[in-house]
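Structure record follows, encoded as structure tokens.
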Amino acid sequence: MKPDLELYDYWPYEGRPKITWPNGAKVAFWVAPNIEFYELDPPVNPLRKAWPRPSPDVLMAASRDYGNRAGHRRVMDVMDKYNVRGSVSLNIGLIDHHPELIEEAKERDWEFFSHGIYNTRYSYEMDEAQERAILEDSLESVMKATGQKLAGYLAPALTHTERTIDLLAEYGFLYSCDLFQDDMPQPINVKSGRLISMPYSLEINDIIVYNAYLGTPRRYGQMIKDQFDQLLLEGEDCGTVMCIPLHAYAVGHPHRIRGFEEALEYITGHAKEDVWVATGREIAEYYYENYYDACAADIAARKGG
Amino acid sequence: MTLDKSYLEYPNRRQGMDHDLYDFSMLDRRKPVAWPNGAKMAIWVSYSLEYFPLDQPSKPFKVPGGMVTPYPDLRHYTTRDYGNRVGIQRIWKVLDKHGIKASAAVNSKVAERYPYLIDKINARGDEIIGHGVDMGKVHHGGMDDAEEKALIKESLDVLRKTSGQAVTGWWSPGKSESWNTGKHLTANGVDYSCDWGNDDMPYQMNEAAGNIWAMPHGDEVWDRTIIMDKKHNEEEFCEQVEDAFTVLNGETDQYGGRVLSIILTPYIMGQHYRIKYLDQILGWIMTQDGVWSANGAEILSAFKEQA
């Protein structure tokens, strides 16, 4: 174990090269629905149990399955209503299990990024060949099912190894959602190629709001609006990125969908000169095209602050 | 330490679920159902009457609501018992006021210890559903099969004998099952289970689960989840009931009849300072257009007529 993987350099939030998103927008906004598959009887990883109860953990597994059977429709309907294309954090195995969901997302020109094979298979203790197999499986399966070359990655259940981030760059991924150090993208130090960290969220992430902060559904909607207001204000100085990560098994319940709908209505009600509604890949590509070099140079010049 | 190569093998990676207990089906792609008398919303209120033994085992997991402190945990034992003595009376009064007939999930130990409750349930006309023997006896993967069969038989025998009801519904303590629970339940004359919270409508499971019907009785709109686990207050609980009703009701024109399951725990919602909020929200729901108060067996029966 190491005290720091030195994946990125310290880079103060103030005084960075000014980012302006398309149309002069101050916030690049994206929504990342996690479309996940949780196995009922997964193999055991020595460092993390998939379920608290012995298999079958009916209570937990059924609650996850609810998202695909029932909650998904509500989430997708709300996103359609406000013209927001999703960037799907996809458990790759779901392509085989539920092609219906993949087709619906494809029809809407949603982006897919990899969230591992299953949310019940963790990266802990994987050797390099195993971790490569996950990435190669992801790239091949998504290309075959959707014609998309994967651009983004979020480790399954946020489980990592020391080599995860380097491997992403080696395989040509554009962005990682695994790092939470900033509200703007940042060039990452990788052994080969290029990679940026893309702001995702563990703050207004529905699972965190509902299960860690124990927020109410109405409070969830208000938190998202408050975050947007703040990032819009700061985006005048330098463009920010805001992501709403969500899970249909949480947000898609009848007692919860309203908070999400109100938040999307509020954000998309802003002018295009304020908010650029995009996907993860679109934000990454725009950043590489326009700001990666300037930001990398600024980081090098200000190393350590 | 490295992971065995089997960790990257996926024998059940195929279309549909990764097991045989039920088939995948998207809610929005099913045939609409119509409830009796043109109702749009079936309102299914259920409550649980539970006995938490002081010597509850903590393996393989502690049952939700179970004992917390070192033995003897009189604090939680008596708090739970409050529900069976006091809280349930307040809930019944509210249900009566709004003409609601409910499903009562009863541990068979409750029926043996407090026959008064069974008589009251019968007098009200509420449906009794099996809820295991007591809260110290959870069903779980890996348990002895003969032990599970005996628990199911004991629970159903006692409830049927003391109540005279058919008892065709089941809610396992802690919503926990073994791989065989469904099969054992249907072999004992049970028609539906409340353990699978993966849908908003009833659906029939496969032979591997005894072809039992899964009822939409998830763990979400439930006072113990929202108030005890999520720490929301009673007004926030009622807001969520209201929002759930509004959303489901709004879907009925497009998708047909829906079910709103509201799960109540006498030792939680039956508290003095909470009961008036339950009165308000149930009063609001029952005065909406097109609502049908029904118990689990009635909802399933109406559903099956159209399936």
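Residue numbering restarts at 1 for every chain, and letters A, B, ... go by the order of the sequence lines.
- Both the backbone and the side chain of A/H97 come within contact range of chain B, with heavy atoms under 4.5 Å apart.
- Among the candidates B/G218, B/S176, B/G142, the residue making the largest number of heavy-atom pairs closer than 4.5 Å to chain A is B/S176.
- Using a 4.5 Å cut-off between heavy atoms, A/I95 does not touch chain B at all.
- Contact between B/W35 and B/R258 at its shortest, heavy atoms only, is NE1-O, 3.0 Å.
- Of the atoms belonging to B/L260, not a single heavy atom falls under 4.5 Å from chain A.
- At least one donor-acceptor pair closer than 3.5 Å links the side chain of A/W51 to the backbone N or O of A/E39.
- Checking side-chain atoms of A/S89 against main-chain N and O of A/N34 turns up no donor-acceptor pair under 3.5 Å.
- Neither the backbone nor the side chain of B/T246 has a heavy atom closer than 4.5 Å to any heavy atom of chain A.
- Formation of a donor-acceptor pair under 3.5 Å by the A/N91 side chain with backbone atoms of A/L94 is not found in this model.
- Between A/Y38 and A/Y249, the ring planes are perpendicular. Angles over 60° get that label, and only those under 30° would be called parallel.
- Heavy-atom pairs under 4.5 Å with chain A peak, among B/R14, B/M201, B/E251, B/H19, at B/R14.
- A/K2 contributes no side-chain N or O that, together with a main-chain N or O of A/L5, makes up a donor-acceptor pair within less than 3.5 Å.
- For the set B/A214, B/S172, B/S178, B/G250, the count of heavy-atom pairs under 4.5 angstrom toward chain A peaks at B/S178.
- Using a 4.5 Å cut-off between heavy atoms, A/N45 contacts chain B through both its backbone and its side chain.
- A/Y124 and A/Y122 have tilted rings, their planes meeting at an angle from 30° to 60° on a 0 to 90° scale.
- Residue with the most contacts toward chain B among A/V44, A/I117, A/D96: A/D96 (heavy-atom pairs, distance under 4.5 Å).
- Contact annotation for A/R73: only side-chain heavy atoms (C-beta onward) come within less than 4.5 Å of a heavy atom of chain B.
- When B/D219, B/L27, B/D28 are compared by the number of non-hydrogen pairs under 4.5 Å with chain A, B/D28 comes out ahead.
- Contact of B/M143 with chain A is not made at all, since no heavy-atom distance falls under 4.5 Å.
- Heavy atoms closer than 4.5 Å to chain B are found nowhere in A/T161, neither backbone nor side chain.
- Ionic pairing of A/E103 and A/K106 is present here: one or more N-O contacts between side-chain nitrogen and carboxylate oxygen are shorter than 4.0 angstrom.
- With a 4.5 Å cut-off on non-hydrogen atoms, A/R219 does not touch chain B at all.
- Each of A/P99, A/G67, A/A61, A/A129 has some count of heavy-atom pairs under 4.5 Å with chain B, and the biggest count is that of A/P99.
- The closest donor-acceptor contact from the side chain of B/R274 to the backbone of B/I268 lies under 3.5 Å.
- Salt bridge annotation for B/E9-B/K5: present, with a cationic side-chain nitrogen under 4.0 angstrom from a carboxylate oxygen.
- Within the 4.5 angstrom heavy-atom criterion, only side-chain atoms of B/E236, from C-beta onward, approach chain A.
- For the pair A/R218 and B/E239, the salt-bridge criterion is met [side-chain N within less than 4.0 Å of a carboxylate O].
- Looking at A/R74, the atoms closer than 4.5 Å to chain B (heavy atoms on both sides) all sit in the side chain, from C-beta outward.
- More than 12 heavy atoms of other residues, nucleotides or ligands lie within 6.0 Å of CD in A/E136, so this atom counts as buried by the packing criterion.
- Both the backbone and the side chain of A/L40 come within less than 4.5 Å of a heavy atom of chain B.
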Step by step, work out the side-chain hydrogen bond (donor to acceptor under 3.5 Å, both in side chains) result for A/H247 and A/D206. CA-CA 7 Å; A/H247 304 71; A/D206 54 350; 2.7 Å; yes

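- Interface remark: A/R69 contributes backbone and side-chain atoms alike to the contact with chain B (heavy atom separation under 4.5 Å).
- Of the listed residues A/D57, A/D137, A/I134, the one with more heavy-atom pairs under 4.5 angstrom with chain B than any other is A/D137.
- Neither the backbone nor the side chain of B/F237 comes within contact range of chain A, judged by heavy atoms closer than 4.5 Å.
- For chain A, the nearby part of B/F61 is the side chain; its heavy atoms alone come within less than 4.5 Å.
- Judged by a 6.0 Å distance limit and a 45° cone about the ring axis, B/K175 is positioned over the six-membered ring of B/W171.
- Of the atoms belonging to A/E128, not a single heavy atom falls under 4.5 Å from chain B.
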